[in-house]
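To start, the structure under review is shown below, and the notes come after it.
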Amino acid sequence: MKDLVTVEDLSIGFDLRELVLPAVDSISFSVGTGETLGIVGESGSGKSLSARAILGLLPSGGKTTGGRISYQPEEGDAITITDLPKNGRAIRKLRGAEIAMIFQEPMASLSPVHTIGNQIVTTLRQHTDLNKRAALARAIELLDQVGMASPAIIAEQYAHQLSGGMRQRAMIAMALSCSPRLLICDEPTTALDATTEAQVVDLLMKLQQDMKMGMIFISHNIGLVSEIADRVMVMYLGQSIEYGLAGHVLRKPAHPYTRALLGALPAFAEPGSELASLQGAVPDLAARPQGCTFHPRCPEYAGDQCKTRIPSVHVVANQHLARCHIHE
Ligand code: SF4
């Protein structure tokens with residue numbers, strides 16, 4: 001499998017007045033053609049920032065402070081995204097055409113003053129040679145492909161006229177309009193009810209297989225990620241704390257945080273046992289605990305060294321890494 005995107009030792013920080021507040025700390029991962037990487041973690045773990053960095057779309061004040069992101073186009077040499085000028089022509093050419101993104105809340109991403117059809121037509125005309133008429137025909141085809149009944153009518157409607165599930169389907173149609181090779185889905189189902197969530201996830205999986213795209217699927221729901229990911233990266237407070245093939249990580253979680261996330265799910269709990277619940281919350285980035293940043297929430301495993309020494313990354317099995325002292 002060819003790697004489409006490779007992230008090596010990526011660090012991201014936010015400019016404060018006289019210092020840079022670290023938000024993502026030296027993470028590495030890759031995604032291949034036709035592969036799904038699931039990135040899991042609670043809010044504030046840095047998962048969305050890490051994915052947005054691939055498109056050079058960090059929020060205001062955010063910047064990469066180390067490491068490198070490279071993208072392998074279908075032909076030619078790899079492009080080092082981290083070397084491209086911010087919002088320059090080269091990165092804009094990649095966005096939408098080669099790498100597309102679906103956001104959590106489509107209402108915030110879709111224009112309220114343009115019809116769904118017009119928005120897809122604009123994207124198509126930015127990246128292809130299609131004339132207006134052909135682009136509209138393609139937009140209707142895409143809306144049909146994402147399962148919209150009466151796609152020609154939907155193309156003439158505005159975002160506020162659609163339900164949450166339909167808006168997300170419209171976002172997916174727009175993201176797929178230029179047949180991207182990598183699709184980043186940032187919590188695409190969080191705002192949806194359970195039935196619509198299942199439909200949207202099925203749709204994404206089908207489209208990924210049909211189009212042989214690489215996919216990064218970000219979620220706080222490890223149960224959802226377990227259904228679709230080939231590889232999983234678990235993040236906590238800006239660090240990758242467990243990474244590996246989904247089968248390994250989910251069957252034999254090596255980090256107490258991953259164990260806690262899985263232990264709260266009926267599908268992964270021992271039959272007849274009580275479901276676990278993870279105590280506390282992710283600390284503020286500015287109040288990062290010393291040593292292992294997870295130690296205040298790790299009463300079952302934490303030892304004295306966890307409060308003072310930062311754990312290293314250990315190989316616990318083939319292609320399975322965990323950042324925890326218990327593997328020393
Ligand atoms: Fe828990 Fe210590 Fe491992 Fe951190 S390093 S997860 S505190 S056992």
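What you are looking at is a predicted structure, and each value in this text was computed from that prediction instead of being measured. Whatever order the structure lists them in is the order used to number ligands and atoms, beginning at 1.
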**Request:** Verify the distance criterion only: is there a donor paired with an acceptor across the side chains of H295 and Q290 at less than 3.5 Å?
**Result:** no

**Request:** Measure the CZ-NZ distance between R52 and K47 for me, rounded to the nearest 0.5 Å.
**Result:** 11.5 Å

**Request:** Under 2.8 Å from atom 1 (Fe) of ligand 1, which protein N, O or S atoms are there? Could you list them by chain and number?
**Result:** C298 SG

**Request:** State plainly whether one hydrophobic cluster holds both M174 and V121, where clusters connect Ile, Leu, Val, Met, Phe, Trp and Tyr through side-chain heavy atoms under 4.5 angstrom apart.
**Result:** no

Could you tabulate the donor-acceptor pairs under 3.5 Å formed by side-chain atoms of residues 53-68, not counting sequence neighbours?
unit_1, atom_1, unit_2, atom_2, d
K63, NZ, D15, OD1, 3.2
T65, OG1, S11, O, 3.3
R68, NE, E8, OE1, 3.2

Distance-only criterion, 3.5 Å: show the donor-acceptor pairs between side-chain atoms of residues 246-256 and protein atoms not counting sequence neighbours.
unit_1, atom_1, unit_2, atom_2, d
H255, ND1, Y257, N, 2.9
H255, NE2, R323, O, 3.1

Side-chain atoms of residues 139-163: list all donor-acceptor pairs with protein atoms under 3.5 Å, sequence neighbours left out, distances to 0.1 Å.
unit_1, atom_1, unit_2, atom_2, d
E141, OE2, R138, NH1, 2.8
Q161, OE1, Y158, N, 2.8
S163, OG, M166, N, 3.3

